[in-house]
Amino acid sequence: MVNNHILMSGLRAAIRRETESACGRLRLPGHPVSLRKIAPPRAWGYTTALPQELAGLLLAEEQVRLEDELGKKAAKKKLRARTSELSVQVAKNLAEAVSLDALPGVALAEAEGGYLNFYLDTAVASRDIISAVLERGRDFGRGEPQNERVMVEFSQPNTHKDFHVGHLRNVVLGNALANLFEFGGFEVLRTNYYGDHGIHVAKALWGHLHPELLAEAEAFLNGTVPQSVYARVERLLTSDSDNSRLVEIRAIAERETGQILQQLDDSSSDVYGLWQRTRQEDLNAFRGIYSELGVRFDLEFYESEVEKLTSAIVDELLEAGVAVVEAEGEYAGTVAVDFAAHGAAELGSMVLRRSDGTTLYQTKELALAKVKFDDYKVDRSLYVVGSEQSLYFRQVFEILKLWGFAAAEKCQHVSYELVQLASGKMSSREGTVVPYRGFVEEAKERALLLARERGISSTPETVASQVALCAIKYAFLRVDTNKTILFDWEQALSFDGNAGPYLQYAYARSNKLLAGFDPDVQRLMQLSYTPQVAEVELCRTLADFCDCVSQALDMLAPNLIANYLYDLTRAFTDFYQSCPVLKAENDVRFYRQSLVAGFNTALVIGAGLLGMELPEEM
RNA sequence: GCGCCCGUAGCUCAGGGGAUAGAGCAUCUGCCUUCUAAGCAGAAAGUCGCAGGUUCGAAUCCUGCCGGGCGUACCA
């Protein structure tokens with residue numbers, strides 16, 4: 001059976017070989033043949049700019065001579081036209097010298113400008129790619145088993161704080177990466193790490209314990225009242241009002257949050273029950289969100305548990321000479337790592353134990369990393385966390401290295417930029433957030449309205465929910481992770497054009513065309529049908545699927561998949577518009593249904609990688 | 001100050017050394033007796049932040065500058 005992938009990569013090598021030997025016959029200087037796909041709208045095939053590279057090479061001596069004579073700029077200007085002429089001539093000669101006998105599947109070698117182009121026989125190539133997809137089905141593009149265990153830690157929400165759209169970018173991204181690794185053949189451990197312990201918890205609990213004091217203090221504060229209890233307490237604590245009653249309440253809050261923090265570790269204390277209850281409420285809410293988003297975790301860690309491991313870790317690092325007790329200066333009394341002493345001065349220093357003996361977030365991070373390496377034997381460990389933490393992770397990984405973990409080299413901070421509001425940074429501290437719940441509900445409502453308008457027969461609620469979530473996920477995933485997302489309600493909730501529902505809609509349409517269709521690769525391969533432009537374009541895009549997936553994995557860039565799927569779907573829509581399927585007959589109908597089936601499969605796989613659901617009809 | 005990231009159409013973004021820089025939104029013109037109009041066809045819209053450099057070839061790589069975001073805690 002013909003396997004497209006092998007055919008394509010084998011073909012590339014053959015083209016290179018043939019081009020090289022043609023160069024030899026023409027006595028052109030030896031030069032590696034760089035081969036790329038021909039830029040999309042032109043044609044299906046491969047191209048090399050070798051003639052231009054050779055022209056540059058052939059004129060190099062002349063260039064040196066002219067530069068001496070006229071100076072660099074003038075020489076360049078003078079040579080430009082000649083280089084281009086020469087490259088056209090070289091391309092022409094090469095196109096004539098190349099033999100197609102050794103290149104099955106190539107219909108034509110042609111010089112165009114300074115390029116040498118190899119055009120595929122579209123009848124052959126399109127059959128190959130379609131049959132490759134149909135044969136492998138949902139496994140099309142799947143990688144061979146890698147025998148490597150990858151841990152992907154993502155989400156890491158704090159209990160007692162808002163879960164907002166900024167966290168959503170993280171979940172959606174982390175999930176897509178985990179999917180990509182799995183599809184790439186890796187064993188994946190999806191890991192979550194809940195921030196259920198610490199000063200932010202104490203602050204929220206204080207608010208729960210003293211709603212009347214909080215409300216009283218708020219009467220003296222300007223501005224809107226944040227939604228979460230945590231943010232309300234934070235606002236009180238950071239207020240700079242000098243109203244005497246407010247100052248009094250603020251002092252109480254400060255004193256008592258410290259006490260509450262201490263009591264969290266004591267299961268007999270008054271606040272312990274409250275902590276347990278509120279913590280559980282939030283954890284339940286998080287699980288509701290994950291389930292709604294179709295995200296699952298293999299491992300879940302809690303700060304409150306990791307916390308218990310920290311003091312031993314600090315002692316161990318002291319003993320190993322990685323950390324030291326600071327004797328003087330502003331860090332006197334702390335246990336810290338001074339990176340300058342380890343040849344990494346640019347990392348500054350990191351405190352691991354406060355002078356009052358309590359530990360910090362980073363200490364827990366180190367303890368957790370040890371657990372990950374020791375208990376789960378991971379070969380690679382990814383931390384999906386916002387870019388604001390990049391210095392922090394460099395420090396943490398450096399400490400792991402100094403500590404002697406060889407696997408520290410395999411730790412990687414997968415950073416992404418924040419989701420910002422037009423008004424500035426989203427901060428649960430300041431209460432300036434777009435909460436997850438309200439956002440998603442709004443999206444669902446809008447989608448439901450549309451679904452009802454369109455008269456979706458069976459289950460408008462289900463479809464609306466799928467549409468809303470797909471739109472949201474796509475909006476986050478299609479943007480490069482290095483780019484800040486400026487959150488805009490209207491844009492995030494758009495169901496038109498380059499958006500998630502575009503893919504869903506095309507999928508639903510393609511399903512209609514496949515009713516009763518039975519794939520038959522044998523028959524397809526025996527077909528002699530010359531595909532039309534739109535069909536070629538769809539096949540060509542389909543043929544890029546595997547490259548796209550492996551590149552996305554390589555670069556940890558799910559946005560490549562999102563953008564590819566949009567291109568693929570556009571090609572399908574174009575095909576849908578110009579090539580009737582069910583109205584065609586016999587072989588043409590069969591060929592087109594095969595192509596639609598190929599598209600349908602690739603779209604399902606790609607959308608699955610992004611964690612997006614596609615409704616059967618809409 | 002130093003470090004990381006970003007700057008492409010009015011707006012939001014593709015484009016990771018190659019041919020005439022592409023989409024969506026918004027604006028304008030058309031297309032529902034024809035496999036679903038959450039769609040399609042078309043128009044208009046660009047000094048790819050600026051200046052140098054490398055290269056046969058630069059939006060893409062390098063350097064400097066300008067503008068913006070983030071970080072530089074005994075916070076998480």
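Computed from a predicted structure; not experimentally measured. Reckoned from all heavy atoms, side chains included, excluding hydrogens, waters and symmetry mates. Letters A, B, ... mirror the listed sequences (proteins, then strands); counts begin at 1.
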Q. Which one, B:C75, B:G18, B:A41, comes nearest to the side chain of A:Leu360?
A.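 My answer, after comparing the listed nucleotides, is B:C75.
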
(Q) Which nucleotide wins on minimum distance to the side chain of A:Val581, given the candidates B:G39, B:G18, B:C35? (A)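 Between B:G39, B:G18, B:C35, the one nearest the side chain of A:Val581 would be B:C35.
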
Q.
Tell me whether A:Thr363 contacts the main-chain N or O of A:Leu352 through its side chain, where contact means a donor paired with an acceptor under 3.5 Å.
A.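 Yes: the side chain of A:Thr363 pairs with the backbone of A:Leu352.
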
Q.
Looking at A:Arg354, I'd like to know whether one of its side-chain N or O atoms comes within less than 4.0 Å of OP1 or OP2 on B:C75.
A. yes

Protein N or O to nucleotides 4-15 of chain B N or O, pairs below 3.5 Å:
| residue | atom | partner | partner atom | Å |
| --- | --- | --- | --- | --- |
| B:C5 | O2' | A:Asn482 | O | 2.8 |
| B:G7 | OP1 | A:Lys483 | NZ | 3.2 |
| B:U12 | O4' | A:Gln491 | OE1 | 3.3 |
| B:U12 | O2' | A:Gln491 | NE2 | 2.6 |
| B:C13 | OP1 | A:Thr484 | O | 3.3 |
| B:C13 | O2' | A:Arg478 | NH1 | 3.3 |
| B:A14 | OP1 | A:Asp480 | N | 2.6 |
| B:A14 | OP2 | A:Lys483 | NZ | 2.5 |

Q.
Looking only at the aromatic ring of each residue, does the gap between the centers of A:Tyr302 and A:Tyr194 stay below 6.0 angstrom?
A. yes

Q: Return the residues of residues 326-336 of chain A meeting this criterion: a heavy atom under 4.0 Å from some atom of RNA chain B. Order them by number, or give none.
A: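 Under 4.0 Å from RNA chain B: A:Glu330, A:Tyr331, A:Ala332, A:Thr334.
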
Q.
Applying ring pair (Phe, Tyr, Trp, His ring centres under 6.0 Å), can you list everything that pairs with A:Tyr230, at least two apart in sequence or on another chain?
A.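 Ring pair (Phe, Tyr, Trp, His ring centres under 6.0 Å) check on A:Tyr230 returns nothing, list empty.
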
Q: List the steps, then state whether side chain to side chain contact (heavy atoms under 4.5 Å, CB included) holds for A:Leu610 with A:Lys473.
A: CA-CA 8 Å; A:Leu610 299 183; A:Lys473 289 174 184 176; over 6 Å; no

Q.
Can you build the contact string for nucleotides 51-64 of chain B? Use B for base contact, S for sugar-phosphate-only contact, and - for no protein heavy atom under 4.0 Å.
A. ---SBBS-------

Q: For atom CD of A:Glu535, decide whether the heavy atoms of other residues, nucleotides or ligands shown that lie under 6.0 angstrom number more than 12.
A: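 More than 12 heavy atoms, drawn from other residues, nucleotides or ligands, come within 6.0 Å of this atom.
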
**Q.** Base-pair map of RNA chain B as dot-bracket, where | denotes pairing with a different strand and pairs are Watson-Crick or G-U under 3.5 Å
**A.** ((((((((.[[[[.)..(...]]]].(((((.......))))).....[[[[[..)....]]]]])))))))....

For residues 47-54 of chain A, which side-chain N or O atoms pair as donor and acceptor with protein atoms under 3.5 Å away, sequence neighbours left out?
| residue | atom | partner | partner atom | Å |
| --- | --- | --- | --- | --- |
| A:Thr47 | OG1 | A:Asn117 | OD1 | 2.6 |
| A:Thr48 | OG1 | A:Ser34 | O | 2.8 |
| A:Thr48 | OG1 | A:Leu50 | N | 3.0 |
| A:Gln52 | NE2 | A:Gly114 | O | 3.2 |
| A:Glu53 | OE1 | A:His31 | ND1 | 3.1 |
| A:Glu53 | OE2 | A:Ser34 | OG | 3.2 |

